[in-house]
Protein chains: 2
Amino acid sequence: MRAEIIAVGSELLTPSRVDTNSLYVTQQLNSIGVEVFRKYVVGDRLEEICSSLELALQASDIVILMGGLGPTRDDLTRDAVAASLRLELRLDPVLLQSLESRFARAGLRMAENNRLQAMVPEGAATLENPFGTAPGIFLQPSGKLLFLLPGPPSELRPMIMHHVLPAICRLKTPRPRFTRLLKIGSEFESRVDEKISPIYAEYPEIEVTILASAGIIELFFLWKGEPEAGQAVSQLEELTRRIRGQLGHSVFTDQDESLEMVLGEMLRGRRQTVATAESCTGGLIGKMLTEVPGSSDYYLGGVVSYSNDLKLSFLSVDPDALRQYGAVSEPVARQMAEGIRERTRADFGISLTGIAGPGGATTDKPVGLVFMAISSKSGTACRRVQLRGDRETIRIRAARLLIDWLRRVLLEEGS
Amino acid sequence: MRAEIIAVGSELLTPSRVDTNSLYVTQQLNSIGVEVFRKYVVGDRLEEICSSLELALQASDIVILMGGLGPTRDDLTRDAVAASLRLELRLDPVLLQSLESRFARAGLRMAENNRLQAMVPEGAATLENPFGTAPGIFLQPSGKLLFLLPGPPSELRPMIMHHVLPAICRLKTPRPRFTRLLKIGSEFESRVDEKISPIYAEYPEIEVTILASAGIIELFFLWKGEPEAGQAVSQLEELTRRIRGQLGHSVFTDQDESLEMVLGEMLRGRRQTVATAESCTGGLIGKMLTEVPGSSDYYLGGVVSYSNDLKLSFLSVDPDALRQYGAVSEPVARQMAEGIRERTRADFGISLTGIAGPGGATTDKPVGLVFMAISSKSGTACRRVQLRGDRETIRIRAARLLIDWLRRVLLEEGS
C-alpha cells in the first residue's frame with residue numbers, strides 16, 4: 001500500500017521552513033503498514049496543487065493533502081481538489097452551523113471569511129476537527145483514498161489518529177508490518193553502529209535504520225522477509241535482545257516514548273523527586289521534564305540562575321567560588337546542584353552551567369564547554385563535557401546528557 | 001523564473017528525516033531572483049524519480065535533482081534521467097581517469113562500483129565535485145536547465161555556488177525579486193486577514209501570504225508585477241505601511257527576527273531587566289528568552305515553581321492565597337510576578353500559571369486556562385486567557401502571549 005503526502009503553503013517554500021508534518025504522518029502510516037512513496041511541498045497556487053495531486057492519485061492508493069484549508073483567499077486546497085476531480089464546491093449548511101456555534105461558544109463573531117471553510121466538494125465526507133475551524137475532507141476518487149487535512153500540527157495530528165488511520169484500516173487491508181525500535185541516550189552514532197553492525201549483519205532479512213538527532217539515537221528494525229508472523233517476530237526479538245545486550249544501559253526504551261517519559265516513570269515508581277538549577281540552558285531542562293503530562297508527581301521545579309546574582313541568592317553558591325573559578329566550573333556546578341536540592345528538599349538536585357555560544361568563550365573555556373552535576377543523599381557527582389554545534393544544538397545535547405545521566409544513576413541505584 | 005527541487009533517497013521518506021538541502025538551495029536560488037515553485041522527496045526508485053522529473057521539467061525552467069549519484073545499486077538518478085529524456089548513458093573516459101587518480105592520491109584502490117559514477121547521459125556536461133567522488137551533471141533538455149547534484153551538503157553546497165548559480169546567470173536573465181515581511185504577535189489569523197484584506201486587495205500585483213504558527217503570524221509580500229524596481233519598492237512600501245497602520249502595535253518586526261530578539265533589543269536599549277516565574281510552562285519562557293545570544297544582558301533568570309512549595313519558598317506567595325484561590329488563579333499569578341521581581345530586583349517580573357492539560361482540569365478551571373502577570377515599578381497587571389490545543393500548543397502559545405505582552409508594555413511606556 002502506497003501513500004503520497006502533499007504539503008501546501010508558500011511559506012514551506014521559503015529558505016527557513018521545512019515541512020515537519022509529513023514526518024508524523026509517515027510514522028502513523030508506517031505503523032499500519034502503509035509506506036510513503038513520495039512527498040511534495042507546493043505553494044498556495046492552484047496549478048502546482050492540481051498537478052501534484054493528479055500525479056499522486058495516478059501513482060498511489062492513498063493521498064494526503066495538508067494545509068490550505070484556512071479561511072483566507074490564499075487557501076486553495078478545496079478549489080484545487082474540486083478542479084482536479086471536476087467536482088463542484090457546495091456550502092455545507094450543517095458545517096456552517098457548527099462553525100457559527102463554535103465561534104458563538106467562544107464569545108466571538110464569525111468572520112465572513114470563515115464561511116469558505118464550510119465549502120465542500122460534492123460527494124465528499126467531512127472530518128470533524130475539534131481543535132480548529134477547518135474541517136477535514138475525505139473523498140474516494142476511482143477507489144483511491146484522498147484526505148484533505150488542516151496544516152497546524154495540533155489539528156492535524158488528532159485527525160490522523162481519529163479519522164485517517166481508521167478509514168484506511170476499514171477500506172484497505174494493510175500488509176502486516178513487523179518492526180522493533182530501540183532508543184539510546186548519550187552515545188555517538190558511529191560508535192553505536194560500530195558496536196552493533198557485526199550483529200545485525202547476521203540478519204539479512206531485517207533492515208536496520210540508525211537515526212541520530214540531538215543526543216538521542218534511534219534504531220529501527222523492519223522485517224523485510226516473507227510476511228510470516230512467527231519467523232518475523234522471533235528474528236526481531238533475537239536481534240534486538242542481542243543488541244540490547246551489547247549496548248547495555250545506553251538503551252533507554254524499546255517503546256515509542258521519550259527519554260523524559262522514561263526518567264519520569266522511574267522517579268514516580270521510586271517516589272523520588274528532582275529539582276533543576278540551570279544556567280546556560282535557561283529553563284530548557286525544566287521545559288523538557290514538564291513536556292510529560294503528570295510530571296508534577298516528581299518534578300518540583302527549579303531555578304534558572306542565568307545571572308550570577310541568582311546563583312548566590314537562590315542557590316547559595318559561594319561568592320568566592322564564583323570569583324575564583326567562574327560561573328562555568330566544576331565547583332559552581334556542584335554547588336548549584338547541592339543548593340537546589342537543599343532549598344527544595346528534592347531527592348535529586350541536578351545542575352548545568354556552560355558556554356552555549358556563540359559569544360562568551362575564553363581561552364581556557366571554549367564554546368560548548370559544559371559542567372553538569374547531580375546531588376543526592378549519596379553525595380554530589382560532576383561531569384565536564386565538551387560539545388559541538390550551534391547554540392541550539394549545544395543546549396539540547398547538554399540537557400539530554402544530564403537527563404540521561406540521571407536515568408543511569410537511578411538504574412545503578414536500583415540494581 | 002521558476003525552479004523545482006527533487007531530493008532523492010529512501011532515508012528521506014522515514015519518519016525522522018527531513019530534506020534540509022533544499023533550504024540552502026532555495027536561499028541561493030532566491031538570491032539571484034529564482035523562485036522555487038515545488039519540492040519533491042522521492043525514494044531510491046526509478047518510477048518516482050522519473051515521474052517527478054517529468055512533471056518538474058514540464059512546469060518549470062530549472063530543475064535540481066539532489067542525491068542518488070553514489071556508486072551503489074540503489075543510486076538511480078543517472079538512470080532515471082537517461083530514461084526520462086531517452087538518452088543513453090555512456091562511460092566518460094576523462095571522468096573515469098579523474099576518479100581513478102583521486103583514489104590513487106588517497107592511497108586507495110577504486111572499487112569496481114565507482115565506475116558507475118563515470119557514466120554520463122549523452123550530451124551532458126559534468127560538473128567538478130572537489131569534495132567527493134560523485135561529479136555533478138548538467139543538461140539542457142528543450143531549453144530547460146537540469147542539474148544533477150550529490151546529496152551530502154558538504155559536496156552539494158560548493159557545487160551550487162560554483163556551478164549552478166553561474167550557469168543560471170549565464171543562460172537566463174534572472175528577474176529581480178522584491179519582497180517584504182511583517183511579523184505579528186497575539187492575534188488570530190482570521191482576524192488579521194479580515195482587517196487587512198480590504199487593503200491588500202487594492203494591490204493586485206503583490207502576492208500576500210499569511211502564515212500562523214503557535215501565536216505568531218507572518219505576512220509575506222511578494223511583488224508579482226513588472227520587474228521595475230521603482231514601482232515594486234514604492235508599492236511594497238505603501239502596502240506594508242498601510243498594513244502596519246491598521247495593525248498598530250501588533251506588528252513586532254519587519255525583519256527576519258524572532259519576537260524574543262525584538263523584546264531583547266528593547267530591554268537592552270532601555271537598560272532594563274526581566275525575571276521569570278513559571279509554573280505550567282516549566283521553564284519554556286526562560287528557554288525562549290535565552291535562545292537569543294547575549295540575553296544575559298537583560299534576562300536575570302527565574303524560578304520554575306512547578307510545585308506549590310516552590311511558589312511559597314522562592315516567590316513568597318501567600319499560602320492563604322494558594323489555599324483559597326488555587327495555584328491557577330489571578331492572586332497567585334500576581335504574587336508570583338511580584339515575588340520574582342522583588343527577589344531578583346529585576347525591572348520586570350513576569351509570571352505564568354495555568355492548566356496545560358491533558359489532566360488537571362476542574363469544573364471551573366478547564367484545560368487551557370492561563371493567568372499571566374507583569375509586575376514593574378508602575379504596579380502589577382494580570383490577564384486571564386483561555387487557550388486551545390494540546391499540551392505543547394497551549395504552553396507555547398501562553399509563553400508567546402506573555403512575551404508579546406511585555407513587548408507591548410515596553411512600547412506603551414516608551415511612547
Side-chain angles (χ1 to χ4, degrees), chain A residues 10-11 13-16 18 20 23 26-27 30 36-44 48 51-52 55 59 70-74 111 113-114 131 154 209 211 213 218 276 282-287 289-290 293-294 296 299-307 309-310 313-314 343-344 358-359 391, chain B residues 13-18 20 23 26-27 30 36-43 48 51-52 55 59 189-191 193-194 197 209-211 218 220 276 282-287 289-290 293-294 296 299-307 309-310 313-314 343-344 358-359 388-393:
Chain A
S10 296
E11 74 282 1
L13 290 172
T14 59
S16 42
V18 283
T20 49
L23 300 182
T26 299
Q27 188 182 41
N30 287 352
V36 175
F37 269 65
R38 178 159 38 199
K39 305 198 290 189
Y40 311 71
V41 176
V42 295
D44 298 306
E48 280 79 40
S51 60
S52 306
L55 179 57
T72 69
R73 213 178 43 164
D74 58 6
N113 279 346
N114 287 91
F131 299 106
S154 57
T209 311
L211 294 166
S213 104
E218 297 184 355
T276 49
L284 175 60
I285 301 171
K287 180 245 176 194
L289 294 175
T290 58
S296 56
Y299 179 57
L300 302 180
V303 166
V304 180
S305 56
Y306 214 58
S307 69
D309 279 354
L310 268 69
S313 62
F314 280 127
R343 291 286 188 100
T344 62
R391 183 176 178 85
Chain B
L13 290 172
T14 58
S16 35
R17 281 285 159 98
V18 285
T20 50
L23 300 180
T26 299
Q27 189 183 40
N30 287 352
V36 174
F37 269 65
R38 178 160 36 200
K39 304 197 290 190
Y40 311 71
V41 176
V42 294
E48 280 79 41
S51 60
S52 305
L55 179 57
E189 183 180 10
S190 55
R191 198 72 60 80
D193 193 41
E194 203 173 36
S197 58
T209 308
I210 304 181
L211 167 70
E218 298 183 357
F220 289 99
T276 49
L284 175 61
I285 301 172
K287 179 245 176 194
L289 293 175
T290 58
S296 56
Y299 178 58
L300 302 181
V303 167
V304 179
S305 56
Y306 214 58
S307 70
D309 279 353
L310 268 69
S313 61
F314 280 128
R343 291 287 188 99
T344 62
R388 286 158 188 274
D390 59 14
R391 182 176 179 86
E392 192 186 346
T393 309

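Numbers restart at 1 for each chain; the letters A, B, ... are given by sequence-line order, proteins then strands.
A:Arg343 places no side-chain N or O within 3.5 Å of a backbone atom of B:Leu310 that could act as its donor or acceptor partner. In terms of modelled atom types and a separation under 3.5 Å, the side chain of B:Ser307 and the main chain of A:Leu300 share a donor-acceptor contact.
Counting heavy atoms from C-beta outward, A:Leu289 and B:Tyr306 have side chains that stay 4.5 Å or more apart.
The structure places CG of A:Leu23 at 11.0 Å from CZ of B:Arg17, a figure rounded to the nearest 0.5 Å. The distance from atom OG1 of A:Thr290 to atom CG of B:Leu284, rounded to the nearest 0.5 Å, is 8.0 Å.
Chain B forms the most heavy-atom pairs under 4.5 Å with one residue out of A:Thr276, A:Val42, A:Asp74, and that residue is A:Asp74. When the candidates A:Pro71, A:Gly359, A:Gly70, A:Ser51 are compared by the number of heavy-atom contacts under 4.5 Å with chain B, A:Ser51 comes out ahead. Taking B:Gly286, B:Gly43, B:Gly389 one by one and counting their heavy-atom pairs under 4.5 Å with chain A, the maximum is reached by B:Gly286. The most heavy-atom pairs under 4.5 Å with chain B, out of A:Pro358, A:Ala111, A:Gly294, come from A:Ala111. Comparing B:Arg191, B:Glu194, B:Glu392, B:Glu218 by how many heavy-atom pairs each has under 4.5 Å with chain A, the most go to B:Glu194. If you tally non-hydrogen atom pairs under 4.5 Å between each of A:Pro15, A:Gly301, A:Ser296 and chain B, the highest count goes to A:Pro15.
Heavy-atom distances place both the backbone and the side chain of A:Arg38 under 4.5 Å from chain B. Using a 4.5 Å cut-off between heavy atoms, A:Asp309 makes no contact with chain B at all. For a residue to count as touching a neighbouring chain, one of its non-hydrogen atoms must lie under 4.5 Å from one of that chain's; by this rule B:Phe220 touches chain A with the side chain only. Of the atoms belonging to A:Ser52, heavy atoms from both backbone and side chain fall under 4.5 Å from chain B. The part of A:Leu55 that comes within reach of chain B is its side chain, from C-beta onward, which places non-hydrogen atoms under 4.5 angstrom from that chain. In this structure, chain B has heavy atoms under 4.5 Å from both the backbone and the side chain of A:Tyr299. A:Ala59 does not touch chain B: none of its heavy atoms, backbone or side chain, sits under 4.5 Å away.
For A:Val303 against B:Phe314, the heavy-atom pair with the smallest separation is CG2-CZ, 3.8 Å. Here the closest non-hydrogen pair linking A:Thr72 and B:Ile210 is CG2-CD1, 4.3 Å.
Counted by atom type alone, B:Ser197 and A:Arg73 present zero donor-acceptor pairs between their side chains at under 3.5 Å.
With sequence neighbours excluded, the residues that form a side chain to side chain donor-acceptor pair (under 3.5 Å) with A:Asn113 are B:Asp193. Annotation: side-chain contact (heavy atoms from CB on, under 4.5 Å) contacts of B:Thr393 (sequence neighbours excluded): A:Ser154, B:Asp390, B:Arg397.
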